[in-house]
Amino acid sequence: GALPPEIGSLSSLTTISVFDNNMRGPPPKSMVHLKKLQKLYLQKNEFQGDVDFLCGNEMDLFKTDCGKKGGVTCSCCTGCGYNANNDKPIG
């Protein structure tokens, strides 16, 4: 599945965790409206595309599978990927 664009209208969200949920596609650009978001966990999914549009949100934690071929590119993530040996998030 994919994160729906309507997620951007949930303005009170402070944490989103979709770790290991078979999510794919680009994260919706509407997430830029989540100004209260402090923690975002997108790891171990098949997200694709540039998520730098989220860099202005000043989150405490922003973790995704960046650097993977065909995956997400991110210049402001606080953690990239997961540990394949024990399946726990890195960082």
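Residues Val18 and Phe62 share a single hydrophobic cluster, defined by chaining ILVMFWY side chains whose heavy atoms lie under 4.5 Å apart.
Cys77 has its SG atom 2.5 Å or further from the SG atom of Cys80.
In this structure, Met59 and Leu37 have side chains that are in contact, with non-hydrogen atoms separated by less than 4.5 Å. By the 4.5 Å heavy-atom criterion applied to side chains, Val72 and Asp65 are not counted as neighbours.
Here the closest heavy-atom approach between residue Tyr41 and residue Thr15 is recorded as CE1-CG2, 4.3 Å.
The backbone N or O of Gln38 lies less than 3.5 Å from no partner atom in the side chain of Asp60, so there is not a single donor-acceptor pair. Under the 3.5 Å distance criterion, the side-chain polar atoms of Ser30 are matched with a main-chain donor or acceptor of Pro5.
Taking Leu10 as the reference, Ile7, Leu13 meet the side chain to side chain contact (heavy atoms under 4.5 Å, CB included) condition, with sequence neighbours excluded.
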Practice item. Kindly indicate, with the supporting measurements, whether the criterion side chain to side chain contact (heavy atoms under 4.5 Å, CB included) is fulfilled by Lys44 and Asn21. Key: CA-CA 8 Å; Lys44 205 169 179 202; Asn21 272 285; over 6 Å; no

Exercise for review: Please lay out, stage by stage, how Met23 and Leu3 fare under the test side chain to side chain contact (heavy atoms under 4.5 Å, CB included).
Suggested key: CA-CA 7 Å; Met23 306 296 283; Leu3 283 173; 3.6 Å; yes

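Here Leu40 contributes atom CG and Ile16 contributes atom CD1; the two are 5.5 Å apart, rounded to the nearest 0.5 Å.
Other residues, nucleotides and ligands place more than 12 heavy atoms under 6.0 Å from the NZ atom of Lys35.
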Identify each donor-acceptor pair in which a side-chain atom of residues 47-58 lies under 3.5 Å from a protein atom, sequence neighbours left out, and give them as a table.
unit_1	atom_1	unit_2	atom_2	d
Asp50	OD1	Asp52	N	2.7
Asp52	OD1	Ser75	N	2.7
Asp52	OD1	Ser75	OG	3.1
Asp52	OD2	Ser75	OG	3.3
Asn57	ND2	Leu34	O	3.2

